[in-house]
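Take a look at the structure set out below.
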Amino acid sequence: MTSPAKTSVELLATPVQYIKGVGPQRAELLARLGLATARDLLFFFPRDYQDLSDVRDCGQLEDGSLVRLRGSVLEIDQHATGPGKTVLGVLLGCGAGRVRLLWFNQPYLLQRFQIGQELLVTGKTRLNGCMWEIAHPQVQWLETEEHETALLVPVYPLTEGLSQGQIRRIVRAVVESYAGVLDEVFPEEYLASHDLWTLGEALPQIHFPADRASLARARRRLVYQELLVLQLALAVRHHAQRTLRRAPPLEATARIDARIRRLFPFELTPGQRQAIEEVAADMAQPHPMNRLLQGDVGSGKTAVAVYAMLLAVAHGHQAVLMAPTEVLARQHALTLEGILTSSKVRWAVLSGALTRSQRRDVLARAAAGELDVVLGTQAVIQAEVEFARLGLVVIDEQHKFGVRQRATLKQAGLDPHYLVMTATPIPRTVTMTLFGDLDISVLRDSPPGRQAVNTYWAQPEQREKWWEFFRGKLREGRQGYVITPLVDGPEEMQEASLEQAFESLVNGPLEAFRLDLIHGRMTAAAKEGAMAAFRRGDTQVLVATTVVEVGVDVPNATLMTIEAGERFGLSQLHQLRGRVGRGNRPGFCCVFAEPAGDDGRRRLEAFVSISDGFRLAEIDFEIRGPGDLLGTRQHGLPPLRIADLARDGDVLAEARTDAQRLAAEDPGLCRAEHERLKRMVLARYGRVLELGDVG
Ligand code: ADP
Ligand code: MG
């Protein structure tokens, strides 16, 4: 009797329990690592490789140095040296030389050694007479297969109760019996033209590489596949949003364009003109715009947003601008006020400082279509406002969100166009992934007359000198900020440390000046009051936690002091520095910092010497890796298994181009040759990217 042959899908779904060397107990341990099937194990990639080829030869040993040696056990000898005292000696032959490993008073170790075993040992060498010795080395027992050929040994993530040796044997068994049954994802010509290995070639080599070159090729294949699937998911979503969703087409006719441009009190920069052109081209389409506008602090993103809002209003639609904080919403209100004084545009700020009835009134007018523009914080607007004819949503300083987050606003009918703005310079590799379903405009220039900010990293003994300079500038009429250290803990603690810093400034170096403070726990009205007084110049120095966040724009403020700068990330430091030097006077930024490690020092050195936010972001990325803020998980995407955005930029670019071409030719991935890819895309990203209605 023969049972019908299993398909490869069924075979790969074999529970780990039935794999050679596993069994029910180990299956439980593997489950803790998220490994349930043969397929899971095949794609359980090593987190690192141990390179056995750099192991020292006995002939090159030096006294007292830490070494790693590979060799085979030649002799084992244990004897008593006194009552209850033993010494175990294991003679290891490495190439032509020998070394004696010693353990004192650990008789139970005897049973673990056998003549002929291959060991990898790490420890400190000592010359005893003419014999090299290592006392109490760390030992790793190598597998027979490993010492025959492999110089690169995989190191897997582990869980308690499972050793490297065990997991290696299990993975080896799986690779041997299952790697061959995997269906290839790509057609042969595709693999050839992209210089990619087949899956069947790559998988064994990612686990047990023959050498570095093979490891690199195997890795490239798997990284490419992972990134292509991600990019395809993004491209498919992008395409779906562009075609399946409908938005009002809002064309910038010559008349409308001229009317809007007249309102700006300045000449637009070439960058602004370019961005406006891109935005207007999107908004003219009957599908929603999804555009990210990136521009360093002070590059003039607001003007682009205002243009887009007025374009929507010109067509009788409503626009909304959402800021991350009240302070910023208020500032945008001031900008609009300046631009719209003599226009008929009806607008309102939905601020925490409104009374209840004022608030009700704003909500009612928005719902009735009697307001053209509404400003406010994202939290408030998203929760409360309903629009009659929403045409455009602008989200300012949305740097913490990615692909998945898009404000959902209450309104019936057509979707609005979206413009998302950020001053957080995002490395290209990250924009291509986390923001991968957005079109991107970049403002690379800044308004004319902008001065560089002179940046210093000062030591505590230079404090008095800095305050002397600070006071001098205040007397010349300038204003400044003092940013107090970030404190771990609840906001009350932030506040306490801020007040302390404030007191010591008022009673110390800034005694003769008008100071105020601002922090996160103040009411909206109090914050607005403090910002307004600073803007008017009534307050000369604003002492703040990081509330003076991104976006605050007071051109007369040219001084910035940052305390405990080692506690801030590079991007954050750059954002803070961006508060000054916004007018046509030079800015001065002094950061006091005592970083603990090399990375901290590298960050500060970069901060002082580089003023380009994009360059700084790349450096931050190199130092920290994709890490917390820009990690995939925080953005709602499943983590990447093998690709590393900081390292695989080239493969990413290639995968992105290929994915976009594929999606353009076959947007629903419906063709037979894309069947496999489509399944992978849906399995991994279908739900998080809401691709359910695709194809
Ligand atoms: P950000 O990109 O940081 O949001 P803003 O939009 O706040 O920058 O602009 C920063 C400052 O530059 C504002 O004071 C704004 O009025 C001014 N500004 C913007 N565009 C221009 C321009 N083309 N010419 C002169 N000043 C400009
Ligand atoms: Mg801004």
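Just so you know, ligand 1 is whichever comes first in the structure, and atom 1 is the first atom listed for that ligand.
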Closer than 4.0 angstrom, basic N to acidic O: yes or no for R261 and D257?
yes
Could a heavy atom of G295 be found less than 4.0 Å from some atom of ligand 1?
no
Taking distance alone, with N or O pairs closer than 3.5 Å, would you say Q331 contacts ligand 1?
no
Cation-pi check, R463 to F592: give yes when NZ or CZ is under 6.0 Å from the six-membered ring centre and within 45° of the ring axis, no otherwise.
yes
Check: G298 N/O within less than 3.5 Å of ligand 1 N/O
yes
Check the surroundings of atom CD in E594: do more than 12 heavy atoms from other residues, nucleotides or ligands lie under 6.0 Å from it?
no
Below 4.0 Å from any atom of ligand 1, is there a heavy atom belonging to A423?
no
Please identify which atoms of ligand 1 are closer than 4.0 Å to at least one heavy atom of P447.
12 (O), 18 (N), 19 (C), 20 (N), 21 (C), 22 (C), 24 (N), 25 (C), 26 (N), 27 (C)
Over all atoms of both residues, closest heavy-atom pair of L616 and H574
CD1-ND1, 3.6 Å
Would you tell me which option among K301, E267, H332 has the nearest heavy-atom contact to atom 2 (O) of ligand 1?
K301
At under 4.0 Å between heavy atoms, what of T269 touches ligand 1? The answer is both
Sorted by first residue and then second, give each side chain to side chain donor-acceptor pair (under 3.5 Å) pair with at least one member in residues 264-280; sequence neighbours left out.
T269-Q272, Q274-E278, E278-S441
Atom indices of ligand 1 within 4.0 angstrom of T302 heavy atoms, with elements:
4 (O), 5 (P), 6 (O), 7 (O)
Compute the centroid of each ring, for Y307 and then for F264, and state whether the two points are separated by less than 6.0 Å.
no
